[in-house]
S.K.: 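I am attaching a structure below and will ask some questions about it afterwards.
Just so we're clear, the structure is a prediction, and the values are computed from it rather than from any experiment. Counting starts at 1 for both ligands and their atoms, in listed order.
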Amino acid sequence: MAGRTKIKQILSAPQVGSKVTVKGWVRTKRENKNVAFIAINDGSTIHNFQAVVDPDTIDKNIMKLVTTGACISVTGEIVESQGKGQAVEMMVSGLEILGEADPNEYPLQPKRHTLEFLREIAHLRPRTNTFGAVFRVRHAMIFAIHKFFNEKGFFNLHTPIITGSDAEGAGEMFRVTTLDLENPPKKEDGSIDYSQDFFGRETNLTVSGQLEGELGALALSDIYTFGPTFRAENSNTSRHLAEFWMIEPEMAFYDLKDNMDLAEEFLKYLIRYALEHCADDLNFLNQRLMQEEKNMKQQDRSEHTLLERLQFVLEYDFERISYTEAIDILRNSKPNKKKKFKFLIDSWGADLQSEHERYLVEKHFKKPVILYDYPKEIKAFYMRQNDDGKTVRAMDILFPGIGEIIGGSQREERYDRLLNRVRELNIPEESLWWYVETRKFGSAPHSGFGLGFERWMVFVTGMKNIRDVIPFPRTPGNAEF
Ligand code: 4AD
Ligand code: MG
């Protein structure tokens, strides 16, 4: 774009005396008879840029349209700032209104809005400091994820979004169809005839790219996917989305320990990257969280600030314990004995709820925990069976404030064992023949995991609701924007 300079560039390498054009959205305007100060933000950085206007030089009718939310272009000389708060500012010689914003209608005012209110105006919330910061950090994390795997020699594999199989053997899925829902073709027995559907079969939006990812790993050795995934469960919580992004590395010749090592290294790499490249935004989010928690009851406040938490996770090894050890800890824990858990833990085999995961992480170990070797009944069919006949080589990584952030496992690479498990669980073999067949032709030990990208973003930004770390959240009853 000819002649336009981004605010980030001006502020990071100020060239006093140069003449530039800045385009962006007005955050505030303060004016008196002699001078007007306009704070402009163009999204390139959390910082606003101050444009100083001598009212005699700019048409009064144009200045009237410089209101919060309007988009403007200002041209002028960069000068050292007289005031506090910024090193440089612009002495405006030309000002153009690109898009007006009627102050009687524009919903974002220079004050604190609640996150709930901002969700209702998701089309405008990227213009707030908070969401600008969150979305810039989100970008940095996406970039760092590709960088990490690229540096390790992994290949990014695109797995299909429309699938004919249910990777997790259970999950509730969104159907994909072009059939006329009012009048679908029927078979003789009255059931819907999907052979007449677009793909000649039943299809859904994928819940995971893992199964196809495994096919890639059994050829390219190390791959990762980074794609959208869809789950139609009716979960209205601060950690569930119906549409979310998942990173799924899959590695040939990795056992479960290699898998855990990679996951831990990966998450620490991402934190380091964020601290190094997103300092301004993280400082802002850190302050924001402290401010928000000031008004909360003592017991609801975080023990540490956002930046302390990031630093802490970076410095210490994650705790690694088996499911069996975790059950012992939970069974003997105070909230279990005092019946404070919603789901009480009484026996081995119980599925862990987020309250249990958070107890282990936040109260017991006070650091991230990797739980491994889960009962096979509560995990997916593809996980490698241990010799005890009871457990599988699963691992979940649990994080403070969130609970499960990563789920993964060593995969069952033995043909007979895998096929037996598929049959035991009554999974239709014809939908998975290609997956099982890889265990017949050059099978290899391999492992992988899935990181829920938005859960990760919750951790890195300190935002408390997963709806506030994705630009346009999809949750039950909510797909407006
Ligand atoms: O534990 P999940 O279901 O594991 C899988 O899908 C495996 N195929 C991964 C693999 O081994 N390749 O999901 C992985 C992660 C969870 O740990 C969680 O962080 C996130 O995805 N996740 C969700 N995030 C937001 N909303 C939801 N409804 C989520 N469900 C899972
Ligand atoms: Mg899981």
S.K.: Is Arg411 salt-bridged to Glu250, going by a charged N under 4.0 Å from an acidic O?
M.R.: yes

S.K.: Side chain of Asp42, backbone of Ser44: donor and acceptor closer than 3.5 Å?
M.R.: yes

S.K.: I'd like to know if Met383 contacts ligand 1, where contact means a heavy-atom distance under 4.0 Å to any ligand atom.
M.R.: no

S.K.: Which label fits Trp456 and Phe459: parallel for a plane angle under 30°, tilted from 30 to 60°, or perpendicular past 60°?
M.R.: tilted

S.K.: Could you list the atoms of ligand 1 found under 4.0 angstrom from a heavy atom of Glu233?
M.R.: 28 (N)

S.K.: Keeping Arg455 on the side-chain end and Glu404 on the backbone end, is there a donor-acceptor pair under 3.5 Å?
M.R.: yes

S.K.: Can you name the N/O/S atom of Glu404 that is nearest the Mg ion (ligand 2)?
M.R.: OE2

S.K.: Work out whether the distance between some heavy atom of Ser409 and some atom of ligand 1 is less than 4.0 Å.
M.R.: no

S.K.: Please confirm whether the backbone N or O of Asp258 pairs with a side-chain atom of Asp255, one donor and one acceptor, at under 3.5 Å?
M.R.: yes

S.K.: Give the atom numbers and elements of ligand 1 that come within less than 4.0 Å of a heavy atom of Arg411.
M.R.: 10 (C), 11 (O), 12 (N)

S.K.: Within a distance under 4.0 Å of any heavy atom of Gly408, pick out the atoms of ligand 1 and give their elements.
M.R.: 11 (O)

S.K.: Does Asn336 use its side chain to pair, donor to acceptor, with the backbone of Leu344 at less than 3.5 Å?
M.R.: no

S.K.: Hey, does Glu250 sit under 4.0 Å from ligand 1 if you only count heavy atoms?
M.R.: no

S.K.: Is it true that Phe399 lies under 4.0 Å from ligand 1, counting heavy atoms only?
M.R.: no

S.K.: Considering the heavy atoms of Arg239, write down every atom of ligand 1 situated less than 4.0 Å from one of them.
M.R.: 25 (C), 26 (N)

S.K.: Does ligand 1 have a heavy atom under 4.0 Å from the side chain of Met395, from its backbone, from both, or from neither?
M.R.: neither

S.K.: Against ligand 1, does Arg231 come closer than 4.0 Å with any heavy atom?
M.R.: yes

S.K.: Answer with side chain, backbone, both or neither: which part of Tyr382 has a heavy atom less than 4.0 angstrom from an atom of ligand 1?
M.R.: side chain

S.K.: For ligand 1, which is the ligand I care about here, please tell me if Glu248 has any N or O atom under 3.5 Å from one of the ligand's N or O atoms.
M.R.: yes

S.K.: Is ligand 1 under 4.0 Å from a heavy atom in the side chain of Thr229, in the backbone, in both, or in neither?
M.R.: neither

S.K.: Using a plain distance cutoff, I'd like to know if Phe244 has any nitrogen or oxygen under 3.5 Å from a nitrogen or oxygen of ligand 1.
M.R.: no

S.K.: For the CZ atom on Phe143, are there more than 12 heavy atoms of other groups (residues, nucleotides or ligands in this structure) within a distance under 6.0 Å?
M.R.: no

S.K.: Got a salt bridge between Asp388 and Lys376, using NZ or NE/NH1/NH2 to carboxylate O under 4.0 Å?
M.R.: no

S.K.: Quick test of your reading of the model: are Asp193 and Lys187 salt-bridged, counting only N-O distances below 4.0 Å?
M.R.: no

S.K.: Please verify the inter-ring angle class for Phe117 with His113; under 30° counts as parallel, over 60° as perpendicular, anything in between as tilted.
M.R.: tilted

S.K.: Does Met246, backbone or side chain, put an N or O under 3.5 Å from an N or O of ligand 1?
M.R.: no

